[in-house]
Amino acid sequence: MIGALALARAIKQDDCINCRIAFVGSHTSALPLEVLAHDCVDIVLLNEGVYALHNLLNGNLKRDLAHVKGIGYKQEGTSLPVINPPQSVVPQERMDEDLPGYAWDLLPYREKPLDLYRAHFWHAGFSHEKRTPFAAIYTSLGCNFGCDFCMINIVNRSDNSDGIDASHSRGMRFWSPAWVIREMEKLAKLGVRTLRISDEMFFLNRKYYEPILQNVVDQGFDFNMWTYSRVDTVRRDALDLFKRSGVNWLALGIETGNQMVRQEVSKGSFKEINIREVCNTIGEVGINIISNYIFGFPDDTLETMQQTLDLAIELNTEMANMYPCQALPGSPMYHIAKRNGWKLPETYEGFAFLSYACEPLPTRHLSSADVLRFRDRAWHTYFSNPAYLELAERRFGAQERKNIEDMASIRLKRKLLGD
């Protein structure tokens, strides 16, 4: 939203450009009226906006707006917002036809396709030289679960009622394995090796992931891939195929070291699982782990957050993401925060995890500043830990260890902490 609004305002201020500006995406689906209230936004597309945009472009952008489902707009000559009846998302049986592929050829580049796009530092083994060319694709959309802190399913929204959040639109849709392989073939021909599979739940439905990965093996693409999994959906009998296909990184949503806190924010959907055993099993086949942790859930205390940090240090995975808890618009937690009168950021920058203006949620026991201070300290504790640095050097090399040390030498400035 920060960058999109800056661009939209610049376009509106240019006297040589006269066009309508439409916003689409998860934040727009979560808060369409708030987005439409910006002077530079003329139209909003709710949910993924595929059919709404198609129908919008088939009509007259002035005369036909009232008849296009799934959009919001401002009445002609006024700033009064109108939200039309909802439009459906692309159904499973139409995925390959109505979402037929990526326009890689339309992306800008410097010397060769995709050379302006960089993999995450760790995905490239903490090597600056291996970060391009890079691409990210989806093989499925959505998630079957409804954790309080998550807003990804809000782009499936097909209900304009008040109080709708991501948990009301849970579900997954899949492209066919044949479609996925065609996209991968395009990327391989463009020289891509570092590839992110962005699905929230790639390691969930064997019917889809197994033929995709087997085809990658058969085609010999030699990708360095990253995929996601919940800790309770990792299957030992599938890990060998993951590794052979080039899945060298598996991202796990561990979230917290306290089981009671985890059960509360995941609606009890997490099974009792031995996280240590899962990580050991993944490591045994040579797959690196990105552990994801969140500090500052509503029931967190300094003690439970320390348990999360202690678990992270004990697991000592090749990468760890550490987030301060945010009530992201579209998530159930956002509506809980609104109902309870919890303070929320007043700017988009306040929701940005690494920004100067970052303002996470307070917990029932801690202030926002307490949470942010602990998160930043935890991050530096992890990435300066000798055991972690030794692991990084063993796995990636001495120069890569030095790159990590250089990264960890940077301290974020935070307004909330008085910087």
Side-chain angles (χ1 to χ4, degrees), residues 2-4 7 24-25 95-96 99-141 152 174-203 208-209 211-229 241-251 286-290 292 318-321 353-354 392 395-404 406-407 410:
I2 299 167
L7 176 58
V24 63
M95 289 290 284
D96 286 16
L99 291 170
Y102 295 77
W104 305 112
D105 57 311
L106 297 183
L107 292 173
Y109 59 88
R110 183 180 292 111
E111 296 176 358
K112 58 183 180 180
L114 301 173
D115 66 0
L116 290 174
Y117 307 95
R118 297 185 300 166
H120 288 66
F121 194 25
W122 50 264
H123 189 184
F126 297 101
S127 170
H128 294 291
E129 292 73 24
K130 298 177 182 177
R131 297 181 72 180
T132 60
F134 165 75
I137 66 169
Y138 282 91
T139 77
S140 67
L141 296 174
I152 64 158
F174 299 83
W175 280 277
S176 72
W179 179 94
V180 175
I181 291 302
R182 286 196 299 271
E183 290 300 308
M184 288 184 169
E185 286 175 343
K186 297 176 190 176
L187 292 171
K189 290 177 180 177
L190 291 173
V192 171
R193 182 168 182 269
T194 306
L195 178 66
R196 172 186 176 180
I197 297 181
S198 302
D199 308 33
E200 301 297 331
M201 289 287 129
F202 183 76
F203 204 158
Y208 291 98
Y209 71 68
I212 291 171
L213 297 180
Q214 188 58 56
N215 268 293
V216 171
V217 173
D218 295 342
Q219 297 286 343
F221 289 140
D222 193 31
F223 288 133
N224 168 28
M225 292 189 290
W226 150 32
T227 71
Y228 287 94
S229 177
L241 176 59
F242 269 66
K243 180 60 179 177
R244 285 190 290 115
S245 68
V247 175
N248 294 315
W249 292 90
L250 200 58
I287 295 177
N288 301 316
I289 297 173
I290 320 107
N292 291 289
E318 288 81 2
M319 177 60 192
N321 290 319
F353 298 121
L354 302 180
R395 294 288 293 204
F396 308 113
Q399 179 58 53
E400 286 71 18
R401 171 182 174 151
K402 176 64 166 55
N403 292 342
I404 293 170
D406 290 344
M407 174 183 70
I410 300 170

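Keep in mind that what you see is a predicted model, and the values were worked out from it rather than measured.
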*Asks:* Begin from the C-alpha positions of V247 and V216 and carry the test side-chain contact (heavy atoms from CB on, under 4.5 Å) through to its verdict.
*Replies:* CA-CA 10 Å; V247 175; V216 171; over 6 Å; no
*Asks:* When rounded to the nearest 0.5 angstrom, what is the spacing between OG in S245 and CZ in F221?
*Replies:* 11.5 Å
*Asks:* Which heavy atom of A251 sits nearest to which heavy atom of W226, and what is that distance?
*Replies:* CB-NE1, 3.5 Å
*Asks:* May I ask you to test the L107-L116 pair for a side-chain heavy-atom distance under 4.5 Å?
*Replies:*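 In short, these two side chains do not touch, never coming nearer than 4.5 Å.
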*Asks:* In chain order, what residues pass the side-chain contact (heavy atoms from CB on, under 4.5 Å) check against I152, with sequence neighbours excluded?
*Replies:*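 For I152, the residues satisfying side-chain contact (heavy atoms from CB on, under 4.5 Å) (neighbours in sequence not counted) are C143, C150, E200.
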*Asks:* Are D406 and K402 close enough, and set up right, to give a side-chain contact (heavy atoms from CB on, under 4.5 Å), and what steps lead you there?
*Replies:* CA-CA 6 Å; D406 290 344; K402 176 64 166 55; 2.9 Å; yes
*Asks:* Would you say the side chain of E183 lies within less than 4.5 Å of the side chain of T139, judging by non-hydrogen atoms?
*Replies:*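 Side chain of T139 against side chain of E183, heavy atoms only: no contact under 4.5 Å found.
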*Asks:* Are T194 and R131 packed together at the side-chain level, in the sense that at least one heavy-atom pair is separated by less than 4.5 angstrom?
*Replies:* no
*Asks:* Over all heavy atoms of both residues, which pair between R395 and G286 is shortest? Give the atoms and the distance, please.
*Replies:* NH2-O, 3.5 Å
*Asks:* Give, for atom CG of N224 and atom CZ of R196, the distance between the pair rounded to the nearest 0.5 Å.
*Replies:* 13.5 Å
*Asks:* Side chains of I197 and M184, heavy atoms from C-beta outward: is any pair under 4.5 Å?
*Replies:*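 Yes, close enough: below the 4.5 Å cut-off.
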*Asks:* Could you pull out the closest heavy-atom pair between S176 and D96, with the gap in Å?
*Replies:* OG-OD2, 2.5 Å
*Asks:* Hey, mind stepping through H128 and N403 against side-chain contact (heavy atoms from CB on, under 4.5 Å) and telling me if it holds?
*Replies:* CA-CA 9 Å; H128 294 291; N403 292 342; 4.0 Å; yes
*Asks:* Before giving the answer on side-chain contact (heavy atoms from CB on, under 4.5 Å), spell out for Y102 and K186 the whole-Å C-alpha distance, their side-chain angles and the decisive distance to 0.1 Å.
*Replies:* CA-CA 10 Å; Y102 295 77; K186 297 176 190 176; over 6 Å; no
*Asks:* What are the two closest heavy atoms between L114 and A135, and how far apart are they?
*Replies:* CD1-CB, 4.2 Å
*Asks:* I need the minimum non-hydrogen distance between Y117 and P108, along with the two atoms involved.
*Replies:* OH-CD, 3.3 Å
*Asks:* Quick one: pull up CD1 in I290 and CD in E318 and give me the separation to the nearest 0.5 Å.
*Replies:*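 Interatomic distance, I290 CD1 to E318 CD, rounded to 0.5 Å: 9.0 Å.
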*Asks:* Taking atom NZ of K130 as the centre, report whether more than 12 heavy atoms of other residues, nucleotides or ligands fall under 6.0 Å from it.
*Replies:*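 No, not enclosed.
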*Asks:* So that I know where these two stand, are W249 and H120 an aromatic pair - ring centroids less than 6.0 Å apart?
*Replies:* no
*Asks:* Looking at the rings of F202 and Y228, which for Trp means the six-membered one, are their centres under 6.0 Å apart?
*Replies:*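 No.
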*Asks:* Once rounded to the nearest 0.5 Å, what's the spacing between atom CE of M225 and atom CD1 of I287?
*Replies:*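 One finds 10.0 Å between CE of M225 and CD1 of I287.
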*Asks:* Going by side-chain contact (heavy atoms from CB on, under 4.5 Å), name the residues that satisfy it together with Q214, two or more places apart in sequence or in a different chain.
*Replies:*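 With neighbours one apart ignored, the set is V217, D218, L241, R244.
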*Asks:* So F396 and W122, do their side chains get closer than 4.5 Å, heavy atoms only?
*Replies:*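 No, every pair of side-chain atoms sits at 4.5 Å or beyond.
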*Asks:* Please name the pair of heavy atoms, one in P133 and one in P113, separated by the smallest distance, quoted to 0.1 Å.
*Replies:* CB-O, 4.0 Å
*Asks:* Take the angle between the ring planes of W179 and W175 and call it parallel below 30°, perpendicular above 60°, tilted in between.
*Replies:* parallel
*Asks:* Please round to the nearest 0.5 Å and tell me the distance separating atom OG1 of T227 and atom CD1 of I212.
*Replies:*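 Result: 11.0 Å between the selected atoms.
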*Asks:* Which value, rounded to the nearest 0.5 Å, describes the distance between M201 atom CE and F174 atom CZ?
*Replies:*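 Here the rounded value is 10.5 Å.
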*Asks:* Compute whether any side-chain donor of one residue and acceptor of the other, for N292 and N321, lie under 3.5 angstrom apart.
*Replies:* yes
*Asks:* Side-chain contact test, heavy atoms from C-beta onward, threshold under 4.5 Å: evaluate it for V180 versus N215 and give yes or no.
*Replies:* no
*Asks:* So do Y109 and W104 actually touch side chain to side chain, heavy atoms under 4.5 Å?
*Replies:*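 No, every pair of side-chain atoms sits at 4.5 Å or beyond.
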*Asks:* Should D199 and Y209 count as side-chain neighbours, where that means a heavy-atom distance under 4.5 Å?
*Replies:*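 Heavy-atom side-chain distance check fails, nothing below 4.5 Å.
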